[in-house]
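All ligand and atom numbering here is 1-based and tracks the order in the structure.
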Amino acid sequence: MQVAFSAICVGLDNAGKTSLLRTLSNSQRMEIFPTPTMEIHYVICPKIGKYCLVYDMSGNGRHRSSWRILYQDVQAMIYVIDTSDSEYRFHLQRHLIEEVLNDDLIKKSAIPILFLFNKNDKKNRFNKDDLIKVLGLDSKKFKNKFIFKETTSFEISKLKEAIDNLTDALFSKKQ
Ligand SMILES: Nc1nc2c(ncn2[C@@H]2O[C@H](COP(=O)(O)OP(=O)(O)OP(=O)(O)O)[C@@H](O)[C@H]2O)c(=O)[nH]1
Ligand SMILES: [Mg+2]
């Protein structure tokens, strides 16, 4: 198995990180539980025919501080957002995103960030463009390249497109 790059997958608990990564790595049939600390997935990057090693982190408040331990070891980030979350959680989400984007290690490495607006199948969800504004995802303010994609954890075609977009961003750095 040839690994082209590694990525860290983060976001609040219950966002669907493990579900979508298991879909991408064809192990989705296993029962889903909150991730205790971290799970590793090998995800195929269709465009380059190589794998991405993804660290699937727990989104639980107790474990979020451990995300940054891996910031220096990865070449990309996948940030998963539950678009059907409550208003309170979007408030929390905005602070969390601010903290991640302003982390010295993320600023320094300027890795591309794939934002997945997940649970797109849900009726009571927020619109991607509204969330981009609410969550302060203004790419002009950061050196990192941002990619925005609407997904559901169980729809593999959109997820694969998202991985292709991330691969493109990674191998053609922001000018
Ligand atoms: N409707 C819907 N439900 C989803 C989707 N993705 C995940 N879920 C459900 O959301 C719940 C949480 O999913 P997980 O994949 O465990 O979420 P996580 O982000 O890995 O959570 P932590 O490991 O606790 O950080 C599960 O009950 C999933 O079945 C989706 O796209 N649509
Ligand atoms: Mg998980």
May I ask you to decide if the ring planes of F171 and F5 are parallel, tilted or perpendicular, using 30° and 60° as cut-offs?
perpendicular
Which residue and heavy atom of the protein sit nearest atom 29 (O) of ligand 1, plus the separation:
F154 CZ, 4.1 Å
Looking only at the aromatic ring of each residue, does the gap between the centers of F117 and F126 stay below 6.0 angstrom?
no
Pick, from S19, G11, A15, the option with the minimum heavy-atom distance to atom 15 (O) of ligand 1.
S19
Heteroatom test (N, O or S) for S58 near the Mg ion (ligand 2), limit 2.8 Å
no
Counting from 1, what ligand 1 atoms have a heavy atom of T152 closer than 4.0 Å?
31 (O)
What atoms of ligand 1 come within less than 4.0 Å of a heavy atom belonging to K122?
1 (N)
Might you point out which heavy atoms bring A15 and D82 nearest each other, and give the distance in Å?
CA-CB, 3.9 Å
Could you walk me through whether K17 and D56 pass the salt bridge (charged side-chain N to carboxylate O under 4.0 Å, His left out) check?
CA-CA 7 Å; K17 300 179 290 298; D56 169 19; 5.6 Å; no
Restricting to heavy atoms, the pick from I32, N120, N14 nearest atom 16 (O) of ligand 1 would be I32
Note the single closest protein heavy atom to atom 8 (N) of ligand 1, along with its residue, its atom name and the distance in Å.
K119 CE, 3.7 Å
Just checking K160: does its NZ atom have more than 12 heavy atoms from other residues, nucleotides or ligands closer to it than 6.0 angstrom?
no
With R68 as partner, the option from D103, I8, V10 fulfilling side-chain contact (heavy atoms from CB on, under 4.5 Å) is D103
Which ligand 1 atoms are under 4.0 Å away from a heavy-atom of P34?
23 (O), 24 (O)
T151, portion touching ligand 1 at heavy-atom distance under 4.0 Å
neither
Kindly confirm whether the Mg ion (ligand 2) is within less than 2.8 Å of some N/O/S atom in T18?
yes
C9 side, atom SG; L21 side, atom CG - distance, nearest 0.5 Å
4.5 Å
So which bit of D121 gets within less than 4.0 Å of ligand 1, heavy atoms only: side chain, backbone, both or neither?
side chain
Protein heavy atom at shortest distance from atom 17 (O) of ligand 1:
G16 N, 3.1 Å
Could you check whether K149 pairs with E161 (Lys NZ or Arg NE/NH1/NH2 to Asp/Glu carboxylate O, under 4.0 Å)?
yes
S153 heavy atoms, cut-off 4.0 Å: which ligand 1 atoms fall inside?
5 (C), 6 (N), 7 (C), 30 (C), 31 (O)
Can you find a side-chain donor-acceptor pair between T35 and T18 that sits under 3.5 Å?
yes
Salt bridge flag under 4.0 Å for residues D13 and R64:
yes
Hey, is atom 27 (O) of ligand 1 touched by any protein heavy atom at less than 4.0 Å?
no
What protein heavy atom is closest to atom 19 (O) of ligand 1, reported as residue, atom name and distance in Å?
K17 NZ, 2.8 Å
